[in-house]
Asks: 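A single structure is presented below for examination.
Chain letters run A, B, ... following the sequence lines, proteins first, then strands; residues in each count from 1.
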Amino acid sequence: MTRLKIKDILKDGKAGSEVVAKGWVRTKRGSKNVNFIALNDGSTINNLQIVVDVESFDETLLRDINTGAAISVKGELVESAGSGQKIELNAKELVLLGGADPDKYPIQPKKHSLEFLRENAHLRFRTNTFSAVFRIRHAMAFAIHKYFNEKGFNYLHTPIITASDAEGAGQMFRVSTLDPKNPPLTEDGQIDFSQDFFGKATNLTVSGQLEGELGALALGEIYTFGPTFRAENSNTTRHLAEFWMIEPEMAFYDLKDNMDLAEDFLKSCIKYALENCMEDLKFLAERLKQEEKGKPEDQRSMDLIEKLEFVLNNDFIRITYTEAIDILRNSKPFKKKKFQFPVDWGTDLQSEHERYLVEKHFKCPVILTDYPKDIKAFYMKQNNDGKTVGAMDVLFPGIGEIIGGSQREENLEKLETRMKEMDIPAEEMDWYLDTRRFGSVEHSGFGLGFERFILFVTGMGNIRDVIAFPRTPKNAEF
RNA sequence: UCCCUAGUAGCUCAGUUGGUUAGAGCGGCGGACUGUUAAUCCGUAGGUCGUAGGUUCAAGUCCUACCUGGGGAGCCA
């Protein structure tokens, strides 16, 4: 008899039918005559209740079926006599597939702190919270591919090892096969990377954007979805050294088209989550509610599902950087000198300013556009005012910047001038500049931090809890 | 990297102005119980108090350094 997944048994299982279920024991409880096993196989947040008539089974077998053990159960589905579930499985055959020594198995049938589970990241998938998070993470990855596929975008695999440091997006991880103790040196004492594997210094990518632009200016619309690496010593709940990024790049799109796409894209994924992950979302929403019970009422966040629906059903506010500065300078916290950092045109907005705009002033996702050129990257489209560029950042409540994007400068001369001003070596970027030399067109793109988006959808508070094996400064376990 | 904060049983924590033998709940184990819902009830084992120094008659408690975790900031996605 083939195994059925617990998700399907709970959904379609008919009383009276015989089935085989396999999974991991969450809890076992009961009395002298009857035991109840809550069995979970990861297909759903819900457990299948296994009813075991104690007298029909070997005592030592039942003793070894404890929290964490893997078992196979053959039996008859019956309508449950208890009130917690509609259907349950009366065990006829029980097989212990893999025991779990209760003295050593760290996951107990009780609430664990996220910090403890992070140290046991290899086993935390077996908890309700993390199985829900990772099912949702999967669903969002799928929704992203589905969205772009339906829009006619091509999934482009940009390189993970790269020789360009062009974007200056951050510190890079070096990729080298040279002997770290005794590297070959050039005449002036520098490390001689011409003898390295690739014949030059190489790093892990910080962004696939520049390569993405090459694809877009031939295929029309492309997107990347892959790992990205930043060697910054960032220790926050929103940063990882290794994270996943989605970077669409579109020919013939101006900044407005770019914003329209970003908003529609985010909403489409959120809609997919609401339509396909409701049980997991409900569990996480309830968890969040319990978590926040201790907090004063005004500090509690909106119910997770209400929050997702709110974002889905409301237009994002779109304002320019200059307008945002005006709003901030007229705000209460500014006038009462509550902001820690100054608000002056030309400086980048600080977290406190972004939070004020999103969480206090508009209470809604905000797209900020047209930033001063000096605080943005060289490739952004230069506006006619000579001061700003066609950048756009999407700010989400609780997360901050979730998307950063721009229209790209398509004019070769303007781009070269800007690169000179910003000391970017044009000779190493010749391949990139070719897009502007041959058939250059207006085009745009953006980058979405996948884990930051998953933070938002799951309501989790720490980015280390939405990626399976987080890489952060001083931590590369597992 | 900076600021704040924490590290005591497998987990979550309490441990007063430094003072005798370091406690609880949960989990584990043993037992009881005719259907439980993270069951309940009774019993039981389990701890060089993050590490290294220092102050003191006396340190889980005070001081210093380091390590690790958490929160915030910067950098950004």
Asks: Rounding to the closest angstrom, what is the interatomic distance between B:G28 and B:G71 at atom C1'?
Replies: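 Roughly 33 Å separates the two C1' atoms.
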Asks: Taking the C1' atom in each of B:C3 and B:A59, what is the distance between them to the nearest angstrom?
Replies: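 After rounding to an integer number of Å, I get 28 Å for this pair.
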Asks: What integer number of Å spans the C1' atoms of B:G46 and B:A65?
Replies: 33 Å
Asks: Can you give each donor-acceptor pair under 3.5 Å made by side-chain atoms of residues 342-349 of chain A, sequence neighbours left out, with the distance rounded to 0.1 Å?
Replies:
| from | atom 1 | to | atom 2 | distance (Å) |
| --- | --- | --- | --- | --- |
| A:D344 | OD1 | A:R329 | NH1 | 3.2 |
| A:W345 | NE1 | A:T322 | OG1 | 3.0 |
| A:T347 | OG1 | A:D344 | O | 2.9 |

Asks: If the P atom of B:U12 is compared with that of B:G70, how far apart are they to the nearest Å?
Replies: 12 Å
Asks: Whole angstroms only, please: what is the NE2-P distance between A:H112 and B:A38?
Replies: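 Whole-Å distance recorded here is 15 Å.
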Asks: Which whole number of Å gives the distance between the C1' atom of B:C2 and that of B:G60?
Replies: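 It works out to 30 Å between them.
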Asks: When you compare the protein's N or O atoms with those of nucleotides 67-69 of chain B, which come within less than 3.5 Å of each other, and at what distance?
Replies:
none

Asks: Whole angstroms only, please: what is the CD-P distance between A:E401 and B:G74?
Replies: 12 Å
Asks: Suppose you measure atom C1' in B:U8 against the same atom in B:U68; what distance do you get, rounded to whole Å?
Replies: 16 Å
Asks: List for me each residue that meets salt bridge (Lys or Arg N to Asp or Glu O under 4.0 Å) alongside A:K381, sequence neighbours excluded, and say none if there are none.
Replies: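 Applying salt bridge (Lys or Arg N to Asp or Glu O under 4.0 Å) to A:K381 gives A:E410.
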Asks: Could you tell me the separation between the CG atom of A:L77 and the CD1 atom of A:I87, rounded to the nearest 0.5 Å?
Replies: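 Spacing of CG (A:L77) from CD1 (A:I87) equals 4.5 Å.
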Asks: Which word best sums up how the rings of A:F265 and A:F446 line up, parallel for under 30°, tilted for 30 to 60°, or perpendicular for over 60°?
Replies: tilted
Asks: Check nucleotides 27-30 of chain B for protein N or O atoms closer than 3.5 Å to its own N or O atoms and list the pairs.
Replies:
| from | atom 1 | to | atom 2 | distance (Å) |
| --- | --- | --- | --- | --- |
| B:G28 | O2' | A:D103 | OD1 | 2.8 |

Asks: If a stem is a run of at least 3 consecutive Watson-Crick or G-U pairs, both distances under 3.5 Å, which stems include RNA chain B?
Replies: B:1-7 with B:67-73, B:10-13 with B:23-26, B:28-32 with B:40-44, B:50-54 with B:62-66
Asks: Establish, with yes or no, whether the OP1 or OP2 oxygen of B:A77 is under 4.0 angstrom from a side-chain nitrogen or oxygen of A:T228.
Replies: no
Asks: Any side-chain donor-acceptor pair under 3.5 Å between A:E213 and A:Y432?
Replies: yes
Asks: Pick the P atom in B:G25 and in B:U40, then give their distance to the nearest Å.
Replies: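 The answer is 13 Å between these two P atoms.
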Asks: Name all residues meeting the salt bridge (Lys or Arg N to Asp or Glu O under 4.0 Å) criterion together with A:D374; count only those two or more places apart in sequence or in a different chain, and write none if there are none.
Replies: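 A:D374 satisfies salt bridge (Lys or Arg N to Asp or Glu O under 4.0 Å) with A:R418 once adjacent residues are dropped.
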